[in-house]
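Below is one structure, written out as structure tokens, with a few remarks after it.
So you know, we letter chains A, B, ... as the sequences are listed, proteins then strands, and number each from 1. Quantities reported herein were computed from a predicted structural model and do not represent experimental measurements.
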Number of protein chains: 2
Amino acid sequence: MNWIKIDEAAKMTGITKRAIRYYEEIGLIQPPERSDGQVRLYTEEDIEQLKRVVDAKEVLGFSLQELQHFLSIKGRVLEHKVQYETSRDKTFKQSELEEIAAGLKEQRDMLEEKMEKMKSFQNELKDLIQKVESLLKV
Amino acid sequence: MNWIKIDEAAKMTGITKRAIRYYEEIGLIQPPERSDGQVRLYTEEDIEQLKRVVDAKEVLGFSLQELQHFLSIKGRVLEHKVQYETSRDKTFKQSELEEIAAGLKEQRDMLEEKMEKMKSFQNELKDLIQKVESLLKV
DNA sequence: AGTTACGTTGACGTTAACGTAATCATAAAT
DNA sequence: ATTTATGATTACGTTAACGTCAACGTAACT
């Protein structure tokens, strides 16, 4: 397999090595494999996961805590899904699922609102650019 | 005029009094009027400005510094525009304007990228919601 | 007029998200 | 076989964005 060390991982994701270790420390990403000498070894998949975490943080403005919450919810939902599909085993609690669904919908609506506001800001920006360019074209 | 004190201002904007004073302290908003007794008195317009600052911070994830930068650029552009329209006075420096335009365009592109990523996250969310609901509908 | 509520200015405290430096072990290059 | 580079751990430092508390003045209610 093509193992990736932390320095390259940092370059691939655009964050620092410290940040990567920190994310691992607070449980935001899975601890990767280790070599004999204790060296962290990442797979391509690990890197993809990291990138998605970074995106979510930087783009969505989620705090790392919020991200953790979301990721754990996602994990649990997918688990349940698999359980259901394979064994028809309804081990989940109905009320719990309903709670999860409510939380997700709230997130979805908040995102929607954010995007609306971004659009209006985007328009303001474009307007400003127009003004500046009209000043330049004289 | 209908003056608004800081406590009501806080309630209207959804942030704390401390945050409002802090924003004033770092120059993010204009210091409002004061009564004789040194009491801060805000106008409706002040509140609107505050709301927009809060939005930009929370929605766009701008740091207060970035916001300051943007607001100052905006102010200067509008100044120039007015100058130009009224006096045909080309007191601005061409190079400076070009720099500003470049900066704004960069912001615009970054926003575009952010919105794209938000959309894909939005889709992921909707997908998860679907999955949860399908689990519920059994 | 007295009490209660609200406002003001310091000033120190707090938390998240890392930065940085020291010290030691291992891996790579020469 | 040494340098040299890279990685790990530990621990203290830093910055932004406020929170909180103290001490005080002023408004508002009764």
**Request:** Show your working on side-chain contact (heavy atoms from CB on, under 4.5 Å) between A:Y42 and A:I20 and close with a plain yes or no.
**Result:** CA-CA 11 Å; A:Y42 300 91; A:I20 296 180; 3.3 Å; yes
**Asked** Rounded to whole angstrom units, what separation is found between the CH2 atom of A:W3 and the P atom of C:dA28?
**Response** 15 Å
**Complete:** Testing C:dC18, C:dA27, C:dG7 for proximity to the side chain of A:K5, the answer is C:dA27
**Prompt:** Near DNA chain C, under 4.0 Å by heavy atom, which residues of residues 19-39 of chain B?
**Reply:** B:R21, B:R34, B:Q38, B:V39
**Asked** With a 4.5 Å limit on heavy-atom distance, are the side chains of A:Q30 and A:E24 in contact?
**Response** no
**Request:** Identify which one of B:K114, B:R108, B:E112 satisfies the side chain to side chain donor-acceptor pair (under 3.5 Å) criterion when paired with A:Q122.
**Result:** B:E112
**Asked** For A:E98, does the CD atom have more than 12 heavy-atom neighbours from other residues, nucleotides or ligands under 6.0 Å away?
**Response** yes
**Contact boundaries on DNA chain D for chain A, cut-off under 4.0 Å to non-hydrogen atoms** = D:dG7 to D:dA11
**Asked** Going by an N to O cut-off under 4.0 Å, is there a salt bridge joining A:R21 and A:E25?
**Response** no
**Request:** Output the residues of residues 44-59 of chain A in contact with DNA chain C, where contact means a heavy atom of the residue under 4.0 Å from an atom of the strand; sort by number or write none.
**Result:** A:K57
**Spacing between A:R40 atom CZ and C:dT26 atom C1', to the nearest angstrom** = 14 Å
**Request:** Would you name the heavy atoms of B:R34 and B:Q38 that are closest together and state the gap between them?
**Result:** NH1-O, 2.8 Å
**Complete:** Rounded to whole Å, the NZ-C1' distance (A:K17 to C:dT20) equals 12 Å
**Request:** With the side chain counted from C-beta on, respond yes when A:K5 and A:D7 share a heavy-atom pair under 4.5 Å apart, and no when they do not.
**Result:** no
**Request:** Using only heavy-atom distances, determine whether the side chains of A:E66 and A:Q107 contain a donor-acceptor pair under 3.5 Å.
**Result:** no
**Asked** Within this structure, what is the CD1-to-C1' distance between A:I6 and C:dA27, rounded to whole angstrom?
**Response** 16 Å
**Message:** Quick one, B:D127 with B:K131, criterion salt bridge (charged side-chain N to carboxylate O under 4.0 Å, His left out). Give me CA distance, side-chain angles, the key distance, then yes/no.
**Reply:** CA-CA 6 Å; B:D127 200 54; B:K131 287 204 172 89; 3.1 Å; yes
**Item:** salt bridge (charged side-chain N to carboxylate O under 4.0 Å, His left out) between B:K105 and B:D109, intermediate numbers included
**Value:** CA-CA 6 Å; B:K105 282 180 183 175; B:D109 295 344; over 6 Å; no
**Item:** Any B:Y22 side-chain heavy atom under 4.5 Å of B:I29 side chain
**Value:** no
